[in-house]
J.: 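First the structure, which I've put down as structure tokens, then a few questions once you've had a look.
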Amino acid sequence: MQSKLQNMSKPSYKGIGIQFPKDTIKTLLYDVLRQHLQSETFEAGGFILQCSISDITSKDLSVFHQSVTIHLPVDLTFSKPEGLFSVEGKGGIMLELVATLVPKKGEDVFVDLRLENFLWFSPPVVTMGSMDIPVEWLADVVIKRIRECHLEKWVEAVNRSFDIESLLTSFQEKKARNILVHQKPDIYFNFEIKQIVFVGFQDENHLVRAFFYIHYEAQLSDKISPFAPQKIVFSDKTITEVLDKSPFVLHINLSYEGLERWLIQYLSQNEIGGKSFDVEKAVIRNTSAFETKLFLRSPIQGSVTVSTEPFYDNNLQRLDLTNIKVDVSANQFFYQLTSPIIQRIIRNRIEEMSPVNLQPIIDTAVDNLIRTLKQKGFETGIKNKTIHRFDFDAQFCRILFQVDSFELFLISAGIKVYSL
């Protein structure tokens with residue numbers, strides 16, 4: 001029994017892909033590097049050398065496994081002022097920098113930046129005088145200077161600019177908290193990432209794809225959820241440990257207070273059996289049966305109590321309302337005479353509704369969500385949507401919604417998030 005409970009509490013990871021334009025990450029990285037090597041002059045071996053990141057040569061970027069390789073062109077001018085024997089020249093060195101994401105268990109992701117290699121994209125040319133030292137010496141001097149004075153600053157700057165936990169936390173707070181997806185009743189969407197397993201990158205022409213497995217929580221609720229960010233754990237688990245082909249899940253929690261408001265609104269806008277219901281108050285509770293009590297001003301002054309035992313058929317995607325009981329209690333004698341009529345009308349209406357086919361409701365809800373996201377600049381696709389569970393507890397109606405696959409495309413930024 002204990003091992004079964006442990007398995008139930010074991011985090012479930014789902015595969016996520018993120019696609020973004022290569023130029024986007026290229027621009028971000030070069031802006032960070034430029035901050036610490038825009039232009040620099042230093043002396044070595046009697047020479048005055050000046051380095052600056054080139055604006056002329058196209059900068060290249062590629063990805064493989066968990067690393068991003070950046071080719072950074074650096075313009076170089078060198079001079080040795082010695083009167084008639086002065087020397088001046090110029091050239092260009094291409095630095096090969098490799099940034100690797102190093103997930104540390106229980107800690108933030110750390111980006112390790114290494115200077116792997118270099119080559120002359122513009123061989124050194126002496127424009128004045130002559131030089132009797134090998135050009136390799138110039139390259140060694142520049143590489144030594146960059147390693148000693150810039151590499152550590154670059155590492156700090158890249159980690160500060162690409163603080164993945166802070167970026168994700170900020171995204172969740174601004175873009176994934178209490179998104180109003182439906183009004184009257186108000187329904188809010190919330191999304192939170194709890195753990196991440198980073199798999200790697202894939203290079204695809206002008207695009208970069210990054211692959212993750214995440215342990216997350218997604219919820220629709222009629223109550224606003226306060227944002228209390230928890231530390232996102234970056235796990236070093238292997239793919240075989242987290243590989244999970246089960247559907248993505250969305251928890252829908254509807255409070256009885258919210259259902260009461262929705263029911264009052266529904267009855268005020270719709271007739272049942274040709275009669276309008278003016279509801280003063282509604283009370284929903286779930287004990288031995290699911291019970292709804294309405295306090296009416298009309299068509300009677302009194303109360304209507306409806307109890308039923310809901311049963312959800314997962315295969316047919318429908319909610320059966322079994323063992324229906326309706327009790328009408330009127331306060332005045334005249335209304336007591338009409339109570340059996342009202343009771344029969346309500347009972348007939350409930351029996352007409354049962355079983356409730358949930359598939360049209362699912363489709364409408366998903367269409368509303370897609371329409372809301374489109375207004376915010378997202379194109380969305382969802383496939384194979386089903387309700388896996390439909391339960392009533394002491395305070396909430398809890399629904400477990402499942403989808404096999406999805407896509408979320410932010411058009412303005414060219415970024416797509418999709419299921420694996």
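Heavy-atom basis, side chains included; hydrogens, waters and symmetry copies ignored. Throughout, numbering of the chain's residues begins at 1 and tracks the sequence.
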J.: Can a side-chain donor-acceptor contact be found between Arg318 and Asn357 if the only test is distance below 3.5 angstrom?
T.: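 Note: Asn357 and Arg318 side chains miss the donor-acceptor criterion.
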J.: Show your reasoning for whether side-chain contact (heavy atoms from CB on, under 4.5 Å) applies to Val142 and Leu95.
T.: CA-CA 10 Å; Val142 173; Leu95 305 179; 5.5 Å; no
J.: Asn286 vs Asp393, test: side chain to side chain donor-acceptor pair (under 3.5 Å). Steps then yes/no.
T.: CA-CA 7 Å; Asn286 185 47; Asp393 64 18; over 6 Å; no
J.: Please determine whether the number of non-hydrogen atoms from other residues, nucleotides or ligands lying under 6.0 Å from atom NZ of Lys26 exceeds 12.
T.: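 Above 12, so yes.
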J.: Minimum heavy-atom separation for Val249 and Ala218, please, with both atom names.
T.: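 Smallest heavy-atom distance, with atoms named: O-CB, 4.1 Å.
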J.: Ring centroid separation for Phe121 and Phe118, is it under 6.0 angstrom?
T.: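 No: the rings miss the under 6.0 Å criterion.
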J.: Please name the residue in the list Gln219, Lys223, His251, Arg177 that meets the side-chain hydrogen bond (donor to acceptor under 3.5 Å, both in side chains) test with Asn190.
T.: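 Of the listed residues Gln219, Lys223, His251, Arg177, the side-chain hydrogen bond (donor to acceptor under 3.5 Å, both in side chains) partner of Asn190 is Arg177.
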J.: Would you confirm whether Trp154, through its side chain, and Leu33, through its main-chain N or O, come within 3.5 Å as a donor-acceptor pair?
T.: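 Such a contact is found between Trp154 side chain and Leu33 backbone.
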J.: I'd like to know if the side chain of Asn159 reaches the main chain of Phe110, judged simply by a donor and an acceptor atom lying under 3.5 Å from each other, with no hydrogens or angles considered.
T.: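 Not at all, since once roles are kept as given, no pair shorter than 3.5 Å links the two residues.
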J.: Out of the candidates Ile341, Ile324, Val326, only one should pair with Ile346 under the side-chain contact (heavy atoms from CB on, under 4.5 Å) rule; please name it.
T.: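 Result for side-chain contact (heavy atoms from CB on, under 4.5 Å) with Ile346: Val326.
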J.: Checking side chain to side chain donor-acceptor pair (under 3.5 Å) for the pair Asp244/Ser12: CA distance, chi angles, key distance, verdict?
T.: CA-CA 7 Å; Asp244 186 354; Ser12 175; 2.8 Å; yes
J.: What heavy-atom pair brings Gly17 and Phe211 nearest, and what distance separates the two atoms?
T.: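 Residues Gly17 and Phe211, closest heavy atoms: CA-CD2, 4.1 Å.
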J.: Is a donor from one side chain sitting under 3.5 angstrom from an acceptor on the other, for Ser419 and Lys383?
T.: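 No donor-acceptor contact under 3.5 Å links the two side chains.
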J.: To the nearest 0.5 Å, what is the distance between CG (Leu408) and CD (Glu379)?
T.: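 These two atoms lie 10.0 Å from each other.
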J.: To check you understand the geometry: which heavy-atom pair defines the closest contact between Leu151 and Leu113, and what is its length?
T.: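 In this case the closest contact between Leu151 and Leu113 is CD1-O, 4.0 Å.
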J.: Any ring-ring contact (aromatic ring centres under 6.0 Å, His included) involving residues 396-420? Give me the pairs, sequence neighbours left out, ordered by first then second residue.
T.: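 Pairs touching residues 396-420 that pass the test: Phe248-Phe406.
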J.: Once salt bridge (Lys or Arg N to Asp or Glu O under 4.0 Å) is applied, what residue pairs with a partner in residues 356-370 remain, sequence neighbours excluded?
T.: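 Pairs touching residues 356-370 that pass the test: Asp363-Lys385.
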J.: With under 30° as parallel and over 60° as perpendicular, where do the rings of Phe392 and Phe390 fit, or are they tilted in between?
T.: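 The arrangement is tilted - the two ring planes meet at 30° to 60°.
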J.: Look up atom CZ in Arg114 and atom CZ in Arg147, then write down how far apart they are to the nearest 0.5 Å.
T.: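 Separation between the atoms: 11.0 Å.
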J.: Would you say the rings of Phe78 and Trp137 are close, in the sense that their centroids are separated by under 6.0 Å?
T.: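 No, too far apart.
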J.: Is Asp404 salt-bridged to Lys245, cutoff N-O under 4.0 Å?
T.: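 Looking at Lys245 together with Asp404, the answer is no, because their closest N to O distance does not fall below 4.0 Å.
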J.: Please state whether the rings of Tyr13 and His215 are parallel, tilted or perpendicular, taking 30° and 60° as the class boundaries.
T.: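 Ring orientation, 0 to 90° scale: tilted.
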J.: Is there a donor-acceptor pair closer than 3.5 Å between any side-chain N or O of Ser354 and the backbone N or O of Ile350?
T.: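 Answer holds: no.
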J.: Does Asn205 offer a backbone N or O that forms a donor-acceptor pair with the side chain of Lys22 under 3.5 Å?
T.: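 At least one qualifying donor-acceptor pair exists.
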J.: Of all the heavy-atom pairs spanning Pro299 and Ser276, show the shortest one and how long it is.
T.: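 In terms of heavy atoms, the two residues are closest at CD-O, 3.5 Å.
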J.: Is the side chain of Gln66 donor-acceptor paired with the backbone N or O of Phe198 at a distance under 3.5 Å, no angle test?
T.: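 The answer is yes, because a donor-acceptor pair under 3.5 Å joins these two groups.
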J.: Which is it for Lys194 and Glu217 under the side-chain contact (heavy atoms from CB on, under 4.5 Å) test, yes or no, and what are the steps along the way?
T.: CA-CA 8 Å; Lys194 296 180 178 293; Glu217 185 176 284; 3.8 Å; yes
J.: Has the side chain of Glu260 got a donor or acceptor atom that lies under 3.5 Å from a matching backbone atom of Ile284?
T.: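 Yes; at least one donor-acceptor contact below 3.5 Å.
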J.: Please identify each residue that fulfils ring pair (Phe, Tyr, Trp, His ring centres under 6.0 Å) with Tyr30, with sequence neighbours left out.
T.: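 If we apply the ring pair (Phe, Tyr, Trp, His ring centres under 6.0 Å) test to Tyr30, skipping adjacent residues, there are no hits.
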J.: Within a radius of less than 6.0 Å around CD of Gln395, do more than 12 heavy atoms belonging to other residues, nucleotides or ligands occur?
T.: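 No, because the 6.0 Å sphere around CD of Gln395 holds 12 heavy atoms or fewer from other groups.
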J.: Give the minimum heavy-atom separation between Gln317 and Ile387, together with the two atoms involved.
T.: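 Scanning both residues, the minimum pair turns out to be NE2-O, 2.8 Å.
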J.: Mind running side-chain contact (heavy atoms from CB on, under 4.5 Å) on Asp203 and Phe64 for me, showing each step along the way?
T.: CA-CA 7 Å; Asp203 204 314; Phe64 178 73; over 6 Å; no
J.: Which atom names give the shortest non-hydrogen contact between Leu254 and Ile399, and what distance separates them?
T.: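 That closest heavy-atom pairing would be CD1-CD1, 4.5 Å.
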J.: Go through the steps to decide whether Lys90 and Asp75 satisfy the test side-chain contact (heavy atoms from CB on, under 4.5 Å), and finish with yes or no.
T.: CA-CA 8 Å; Lys90 62 182 179 179; Asp75 288 329; over 6 Å; no
J.: Please assess Glu156 against His36 for the test side chain to side chain donor-acceptor pair (under 3.5 Å), listing each intermediate value before the final yes or no.
T.: CA-CA 11 Å; Glu156 292 175 356; His36 297 282; over 6 Å; no
J.: Pair Ser221, Asn253 - check side chain to side chain donor-acceptor pair (under 3.5 Å), show working.
T.: CA-CA 5 Å; Ser221 175; Asn253 298 326; 5.8 Å; no
J.: Classify the side-chain pair Asp320/Thr322 by whether it contains a donor and acceptor separated by less than 3.5 Å.
T.: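 Distance-only check fails for Asp320 and Thr322.
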J.: With no hydrogens and no angle check, just 3.5 Å: does a side-chain donor-acceptor pair link Ser67 and Thr100?
T.: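 The answer is yes; a qualifying pair exists.
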J.: So, does Ser268 use its side chain to make a donor-acceptor pair with the main chain of Gln265 at under 3.5 Å?
T.: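 Answer holds: yes.
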